[in-house]
Participant: 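I'd like to ask some things about the structure below.
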Protein chains: 2
Amino acid sequence: MAGQVAGSVHGLTAGVARMYKLLPDGRRQVIGFALPGDFLGTVPSDRYSFSADAIGSVSLCHLSREAFAQFIEQRPQFLIRINEFAARELMLAQEQMLLLGRRTAEEKVASFLVGWRQRLAHIRNGPQILALPMSRQDIADYLGLTIETVSRTLTRFERQKMLIIVSGGVRLLDPARVAAVAAARKIRRK
Amino acid sequence: MAGQVAGSVHGLTAGVARMYKLLPDGRRQVIGFALPGDFLGTVPSDRYSFSADAIGSVSLCHLSREAFAQFIEQRPQFLIRINEFAARELMLAQEQMLLLGRRTAEEKVASFLVGWRQRLAHIRNGPQILALPMSRQDIADYLGLTIETVSRTLTRFERQKMLIIVSGGVRLLDPARVAAVAAARKIRRK
DNA sequence: CGCAACATTGAAGCAGATCAAGGCATGTGG
DNA sequence: CCACATGCCTTGATCTGCTTCAATGTTGCG
């Protein structure tokens, strides 16, 4: 799967996907990562577009715009579920705006690790290994950073014994301290 | 009006409001500006919080969580309207993520002017004056910049004859060129 | 007027970007 | 099995766009 998502509804049933937007000159912003149970292109809407593609292999179920409208008509209470999902997406998007606009690189990476762990916890919780199926470039484009800054920040966390970088992810040694960095309580002047 | 927005629904009927999130150390991210017809706290949801307050004077209509639930039950088709509004908000939020994460200061300010003009156009279109009822600090916190950068960028646009800074807003001399800067087509090395 | 809040402007500093090499796997074909 | 690509990832050096710091200007109002 790859390409534009609009005018129809997709539900992700397995795997991980990234959603992103591009600027004409190629700069990319990853809007979010989708996990099983998530919808892509939440509600059909014209002149609204982002792209999505798979990280590894995924499976999805697809509903055309018409089929979706029909489905809604038959089960109006399902709209409430969709609505709750949209509200959660909006909440996540607003948190992400705060992250992109006002957090430092360290806080961004730490917040990402905490947030990703929380999302995976709902699915299934490995021992202390946090799987990161997306590339460093994906993480950078999600956090509004460069790949080098993400890499450097992770190695700094490793040197500080907060985690160990392993193939395909990260082993969290001190989740509490990662969360503390994400929370950003240290006072900044002014 | 000021303070947390959660567990109930507000509809703005007049004036302008800003919605924002704060970090514990005081850094602020303005999430959006609300105009008449917009909802604040779109869908009631727990552990979801941002703040909002008025820019100038506003009037709103307020619905408690219970009243809202009851209202929805009586008119299910109204949920579709709410849903469309949520989808538009989500679209705007994703555009804003792209802006915050990947655009330069110049592109951010130009995009803001274009976007704000579009939103006001729906309401009513003044001659060529674009009213900016919010402060420079609000604009900076919306764009993930500092007040100084916003000010300098506007002055640069003024020197380039794209606009004139007037009290309470800006007079657009060359909207097309502002839009061109916002679109960011110039090729960046790589 | 005189103060208070907001805005502009300039100079200096720095966090993160850019540029530039290497690692380190996995693959592949000789 | 080894030479040698190829695609990430890491690491270091340098650069720069935006922030920070510090005045100064402007506006509105009691």
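Reminder, nothing fancy here: chain letters follow the sequence lines and each chain counts from 1.
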Participant: Taking side-chain contact (heavy atoms from CB on, under 4.5 Å) as the test, write out the residues that go with Leu23(A), two or more places apart.
Facilitator: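 Residues passing side-chain contact (heavy atoms from CB on, under 4.5 Å) with Leu23(A): Asp25(A), Arg27(A), Leu98(B), Arg102(B), Arg103(B).
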Participant: Give the rounded distance in Å between these two atoms: CD of Glu106(A) and P of dA17(C).
Facilitator: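 Taking CD of Glu106(A) and P of dA17(C), I get 13 Å after rounding.
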Participant: Arg156(B) has an atom CZ; how far is it from atom P of dT8(C), in whole Å?
Facilitator: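 About 13 Å, once rounded to whole Å.
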Participant: Rounding to an integer number of Å, can you tell me how far Leu100(B) CG sits from dC18(D) P?
Facilitator: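 To the nearest whole Å, that distance equals 13 Å.
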Participant: Within the structure shown, what part of the strands sits under 4.0 Å from Ile165(A) by heavy-atom distance: base, sugar-phosphate, or nothing?
Facilitator: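 Answer is sugar-phosphate: Ile165(A) comes under 4.0 Å of backbone atoms only.
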Participant: So if I take residues 134-143 of chain A and measure heavy-atom distances to DNA chain C, which residues fall below 4.0 Å?
Facilitator: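 When residues 134-143 of chain A is checked for heavy atoms under 4.0 Å from DNA chain C, there are no hits whatsoever.
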Participant: Who passes side-chain contact (heavy atoms from CB on, under 4.5 Å) against Gln70(B), sequence neighbours left out?
Facilitator: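 For Gln70(B), the residues satisfying side-chain contact (heavy atoms from CB on, under 4.5 Å) (neighbours in sequence not counted) are Gln74(B).
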Participant: If I take atom CD1 in residue Ile164(B) and atom P in nucleotide dA7(C), what distance separates them, rounded to the nearest angstrom?
Facilitator: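 Atom-to-atom, Ile164(B) to dA7(C), this comes out as 19 Å.
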Participant: According to ring-ring contact (aromatic ring centres under 6.0 Å, His included), does anything in residues 145-168 of chain B pair up with another residue at least two apart or in another chain? List the pairs.
Facilitator: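 Those involving residues 145-168 of chain B do not exist here.
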Participant: Not counting sequence neighbours, which residues clear side chain to side chain donor-acceptor pair (under 3.5 Å) with Arg28(B)? List them please.
Facilitator: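 Arg28(B) satisfies side chain to side chain donor-acceptor pair (under 3.5 Å) with Asp138(B), Asp141(B) once adjacent residues are dropped.
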Participant: Mind listing the side-chain donor-acceptor pairs of residues 163-174 of chain A below 3.5 Å, one per line with the distance, residues two or more places apart or on another chain?
Facilitator:
from      : atom 1 : to        : atom 2 : distance (Å)
Asp174(A) : OD1    : Arg177(A) : N      : 3.2
Asp174(A) : OD2    : Arg177(A) : NE     : 3.2

Participant: Start with the C-alpha gap between Glu148(A) and Arg136(A), add the side-chain angles, then the distance that decides, and say whether salt bridge (charged side-chain N to carboxylate O under 4.0 Å, His left out) holds.
Facilitator: CA-CA 9 Å; Glu148(A) 293 96 329; Arg136(A) 292 287 189 272; over 6 Å; no
Participant: Could you pull out the protein-nucleic contacts involving nucleotides 9-14 of chain C (nitrogen or oxygen on both sides, under 3.5 Å)?
Facilitator:
from    : atom 1 : to        : atom 2 : distance (Å)
dT9(C)  : OP2    : Thr155(B) : OG1    : 3.0
dG10(C) : N7     : Arg152(B) : NH1    : 2.8
dG10(C) : O6     : Arg152(B) : NH2    : 3.4
dA11(C) : N6     : Arg152(B) : NH2    : 3.4

Participant: Report which part of the nucleic acid Gly144(A) touches: base, sugar-phosphate, or nothing (heavy-atom distance under 4.0 Å, all strands).
Facilitator: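 Sugar-phosphate only.
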Participant: Over how many whole Å does the gap from Arg103(B) atom CZ to dA17(C) atom C1' extend?
Facilitator: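 After rounding, the reported distance stands at 19 Å.
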Participant: Distance check needed: dA15(C) P versus Arg27(B) CZ, whole Å only.
Facilitator: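 For the pair Arg27(B) CZ and dA15(C) P, the rounded distance is 13 Å.
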Participant: Under the side-chain contact (heavy atoms from CB on, under 4.5 Å) test, which residues partner Ser151(A), sequence neighbours left out?
Facilitator: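 Ser151(A) satisfies side-chain contact (heavy atoms from CB on, under 4.5 Å) with no residue once adjacent residues are dropped.
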Participant: The criterion is side-chain contact (heavy atoms from CB on, under 4.5 Å); which residues satisfy it with Thr13(B), sequence neighbours excluded?
Facilitator: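 For Thr13(B), the residues satisfying side-chain contact (heavy atoms from CB on, under 4.5 Å) (neighbours in sequence not counted) are Ser59(B).
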Participant: CZ of Arg102(A) versus C1' of dC18(D): gap in Å, rounded?
Facilitator: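 In whole Å, dC18(D) C1' lies 11 Å from Arg102(A) CZ.
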Participant: In whole Å, I'd like the distance from the CG atom of Leu145(B) to the C1' atom of dA15(C).
Facilitator: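 The distance from CG of Leu145(B) to C1' of dA15(C) comes to 15 Å, rounded to the nearest Å.
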Participant: Are Phe39(B) and Phe85(B) an aromatic pair, judged by ring center distance below 6.0 Å?
Facilitator: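 When the ring centroids of Phe85(B) and Phe39(B) are compared, they turn out to be within the sub-6.0 Å range.
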